[in-house]
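See below for the structure under consideration.
In the text below, chain A, chain B and the rest are named by the order of the sequence lines, each starting its count at 1.
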Number of protein chains: 2
Amino acid sequence: MAATETKDRLHGTLDALVLKTLSWGPRHGYAIARWLEDTTRNAIQVEEGSLYPALYRMERKGWIEAEWGMSELGRKAKFYKLTQRGRQQLKAESAEWAEFARAVSTVLAPSS
Amino acid sequence: MAATETKDRLHGTLDALVLKTLSWGPRHGYAIARWLEDTTRNAIQVEEGSLYPALYRMERKGWIEAEWGMSELGRKAKFYKLTQRGRQQLKAESAEWAEFARAVSTVLAPSS
DNA sequence: AGGCGATACCTTGACAGTCTAAGTATTGAG
DNA sequence: CTCAATACTTAGACTGTCAAGGTATCGCCT
């Protein structure tokens, strides 16, 4: 039971969110999802069926790199870390999102 | 040549944007697209292949109602107007978007 | 022993919504 | 007489999200 419905709105934003999460240092998939949910108090819900494919996608594009390791709890986990190109991508997407959000806010702004 | 790429980010936000546009009074499709582009200085680009299906969708859902009329330039045009349910929907979606945008901004916020 | 919840990853298939691109028709300007 | 702008329609491709299932391990509780 999520705090509020996020629905499909994540569309096109997930990549930037994950990239940003990884900008704080390497993390494994499960931890990325938990971190995003925690820091947004469940406003952003990341489904595994969305997250893992997104991770593979971004790895193929060279934005992130994977390496198997051990989680904090001693289990095997795949750690992802940002590449240089990923950092550029993050910067670009952040800027795009800021502009888009500003535009939408302008339109949706509390009526007269 | 758009000012900036909006890509697919519109996903899940178009409805609210259109609903809001109609909250100022009835408008025909073409005018909705122009208005959104104008007021966001092209930050939001609405393709016809996205807009018209969205309009039909929302009409089916009872959020808007259509009526044929004459445009300002004397051409036949289908005017859409918000229904009561559409107004509620707009309110709900606006609130959802505000929360979502806040959450994303929190994550994407300029780094430490 | 046994079960169960949390951790951690993977995959399939359905689906919705956007986009590109094509088409129709009318009007006014050049 | 042609062309751009206005105005709507539709087909088809694509992409990314989601739901829902699966695997496996670990620690805790009974």
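Annotation: the terminal axes of the helix from C/dA1-D/dT30 to C/dG30-D/dC1 meet at 10°, where each axis is the rotation carrying the C1' atoms of four end pairs onto the next four (5 pairs per end, rounded to 10°).
In this structure a side-chain-to-backbone donor-acceptor pair under 3.5 Å is present from A/Arg85 to A/Lys61.
Here the C1' atom of nucleotide D/dT6 and the CG atom of B/Asp38 are 14 Å apart, to the nearest Å. Note: CG (A/Leu10) to C1' (C/dG17) measures 15 Å, nearest angstrom. For the pair B/His11 NE2 and D/dC18 P, the interatomic distance rounds to 11 Å; values are reported in whole Å. Atom-to-atom, CZ of A/Arg60 to P of D/dT15 comes out at 10 Å; the value is rounded to the nearest Å. Distance, B/Leu55 CG to D/dC8 P: 8 Å, rounded to whole Å. Rounded to an integer number of Å, the gap from A/Arg34 CZ to C/dA8 P is 10 Å. A straight line from CD of B/Glu59 to P of D/dC8 spans 12 Å, rounded to a whole angstrom. Atom pair A/Leu17:CG and D/dG16:C1' shows a separation of 14 Å (rounding to whole Å applied).
For B/Tyr52, the listed nucleotide lying nearest its side chain is D/dA7; candidates were C/dC9, D/dA7, D/dA19. Side-chain atoms of B/Tyr80 lie closest to D/dT9 of the nucleotides C/dT18, C/dT7, D/dT9.
Taking only side-chain nitrogens and oxygens, A/Tyr30 never comes nearer than 4.0 Å to OP1 or OP2 of C/dC9. Side-chain nitrogen and oxygen atoms of A/Tyr56 include at least one within less than 4.0 Å of the OP1 or OP2 phosphate oxygen of C/dC10. For D/dT17, the OP1/OP2 oxygens have a side-chain nitrogen or oxygen of A/Arg57 closer than 4.0 Å.
Residues that satisfy the salt bridge (charged side-chain N to carboxylate O under 4.0 Å, His left out) test with A/Arg34, not counting sequence neighbours, are A/Glu37. A/Glu72 pairs by the side-chain hydrogen bond (donor to acceptor under 3.5 Å, both in side chains) definition with A/His28, not counting sequence neighbours. Legend: residues meeting side-chain hydrogen bond (donor to acceptor under 3.5 Å, both in side chains) with A/Arg57, ordered by chain and number and at least two apart, are A/Asp15. Residues passing the side-chain contact (heavy atoms from CB on, under 4.5 Å) test with B/Thr21 are B/Arg27, B/Ile32, B/Trp35, B/Leu36, sequence neighbours excluded. Every side-chain contact (heavy atoms from CB on, under 4.5 Å) that B/Ser94 has, sequence neighbours left out, goes to A/Leu108, B/Leu90.
Closest non-hydrogen pair, A/Glu59 versus A/Ala66, comes out as OE2-CB, 3.4 Å.
Residue whose closest nucleotide on DNA chain C sits further toward the 5' end, between B/Glu48 and A/Ser50: A/Ser50. In this structure, B/His28 and A/Pro53 both approach DNA chain D, and ranking their closest nucleotides by distance from the 5' end singles out B/His28.
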Let me check something: any side-chain donor-acceptor pairs from residues 74-82 of chain B under 3.5 Å, sequence neighbours excluded? List them with distances.
none

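For the segment residues 63-78 of chain B, residues with any heavy atom less than 4.0 angstrom from an atom of DNA chain C are, sorted by number, B/Arg75.
Sorted by first and then second residue, the ring-ring contact (aromatic ring centres under 6.0 Å, His included) pairs with a member in residues 41-71 of chain B form an empty list; sequence neighbours excluded.
Using a 4.0 Å heavy-atom distance criterion, B/Phe79 is classed as making no nucleic acid contact. Residue-level contact check: A/Gly29 touches the backbone only, with heavy atoms under 4.0 Å from sugar-phosphate atoms and none from bases.
When only modelled atom types and interatomic distance are considered, A/Gln89 and A/Glu93 share a side-chain donor-acceptor pair under 3.5 Å.
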